[in-house]
Number of protein chains: 2
Amino acid sequence: MARPPRFDTDQLLDAAVALAAAGGPAAVTMSAVAQAVGAPSGSVYHRFAGRPALLAEVWLRTVERFQRGYLAVLDGEPDPHRAARAGSRYVVAWSRENPREAALLLYGAADFGRADWSGEHTARADSGNGRVFATVSGLALALGATDEQARDRVTVALVDLPLSVVRRHLRAGTVLPPHAESLAEECTAALLA
Amino acid sequence: MARPPRFDTDQLLDAAVALAAAGGPAAVTMSAVAQAVGAPSGSVYHRFAGRPALLAEVWLRTVERFQRGYLAVLDGEPDPHRAARAGSRYVVAWSRENPREAALLLYGAADFGRADWSGEHTARADSGNGRVFATVSGLALALGATDEQARDRVTVALVDLPLSVVRRHLRAGTVLPPHAESLAEECTAALLA
DNA sequence: ACAGTATTGGAGACCGCTCTCCAATAAATT
DNA sequence: AATTTATTGGAGAGCGGTCTCCAATACTGT
């Protein structure tokens, strides 16, 4: 019924991921993506309404891919301490397997122009964040964290700390050391003890 | 001997800090800085050789201001455990007092165009990082960290973890909760126990 | 074979940013 | 008062990025 596409959406987003990992969100321009896959700029604008839409899609695809596996790990383990350790380890392992996409996540949605996103895109972002927040809150409750500081501590242990372990390596573009998974797991366990 | 300056270097750098805190490194353009202080673009180019030089100066001034106090705290306390706790607390307290400059430090030198810096600027950056690295290494030794994983754990406890505590609040532009200092201190202590 | 349609391919207007250049200006020195 | 010098003030060229627009294209269903 129509001419088959030579450049599909995922191919363009893959190029955008590579550009962002190498040069930050600012390097993700419509022309750079077009040039990276050898497409004319018209093809890029055919799939994305504009640069904000492209940035939103590349951010959301990446963060949703990560969250899917992360939530599966946290929900798949009934014991909260073991769930926390597995989650921490998962963050590092996922970053090792997907270094370019992990480098993206070290930035924030704001760096990807969240202020210019459409309502649908911001809603998708909020929805994903809400699911993670709910799961972490449930885990914090199971761990007996009642006051705000204790809940913040669980958040640090589950989310921020494993990201810290990988941050310096990803930013430098070097591979993660072999012991990174166990380091993150031990640190998380130490915070929850 | 000459006409007195209406716009001095620190004034321009202050404007650059505000712009970076609000919109990231990409928002720090020569014209934006000029417009922020009401100066013509010529005045900005009179003080900075170009955009890379401006970005280098704003990054280095900020990171050096932070490191000065941080190293003083770490070196001022002979007991390594107490030094670590004090350092962790200092990171949070400094961020509370200097939210815009702290928001800068959440980015990396690479985001401020380190690749385009002059030799002098990269040398300054390396020198500061080297001093911090030396101090943290000395502290790790005093804490009995022998293998690489143990030393990484000290680095996480001293540097990455307190930064994680403040990251989400700074990125969101909200004030740090009152218990942030003690949260960071307790987490650091837990990792070093 | 034919018509319909999504997609390509690229030209070009528009805009903001970088950087250069130079005359005008205002203090300090003699 | 004359001279010197750092700085201001702003105009404008050049460049790269965004976005629009439209003809050409290549495939699908009938």
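All of these numbers come straight from a predicted model, not from anything done at the bench.
- When every heavy atom of B:R96 is checked against every heavy atom of B:P177, the shortest pair comes out as NH2-O, 3.0 Å.
- Mapping A:R6 and B:A49 onto DNA chain C by nearest heavy atom places A:R6 closer to the 5' end of the strand.
- Between B:S43 and D:dT7 there is no side-chain polar atom (N or O) within less than 4.0 angstrom of OP1 or OP2.
- When the P atom of C:dT7 is taken as reference, atom NE2 of A:H46 falls 4 Å away, rounded to whole Å.
- Within the structure, every side-chain polar atom (N or O) of A:R3 is placed at least 4.0 Å from both OP1 and OP2 of D:dG29.
- Judged as a side-chain hydrogen bond (donor to acceptor under 3.5 Å, both in side chains), and not counting sequence neighbours, the contacts of B:E64 are B:R124.
- Nearer the 5' end of DNA chain D, as judged by each residue's closest nucleotide, is the contact made by B:P4, out of A:G50 and B:P4.
- The interatomic distance linking A:Y45 (OH) with C:dG12 (C1') rounds to 14 Å, in whole Å.
- One interatomic measurement links the two molecules: CZ of A:F48 to C1' of D:dT20, which rounds to 18 Å at whole-angstrom precision.
- Looking at the side chain of A:R51, the nearest of the listed nucleotides D:dT18, C:dG10, D:dA6 is D:dT18.
- Proximity of B:R47 to the phosphate of D:dT8: a side-chain N or O atom is located under 4.0 Å from OP1 or OP2.
- Across residues 7-39 of chain A, A:F7 each have a non-hydrogen atom less than 4.0 Å from an atom of DNA chain C (numbered order).
- A pairwise comparison of heavy atoms in B:L161 and B:C187 identifies CD2-CB, 3.2 Å as the closest pair.
- B:R47 places a side-chain N or O within 3.5 Å of a backbone atom of B:F7 that can act as its donor or acceptor partner.
- Every side chain to side chain contact (heavy atoms under 4.5 Å, CB included) that A:R114 has, sequence neighbours left out, goes to A:A109, A:W117, A:T122, A:A125, A:D126.
- For the pair B:R171 and B:Y107, the distance from NZ or CZ to the six-membered ring centre is under 6.0 Å and the angle to the ring normal is within 45 degrees.
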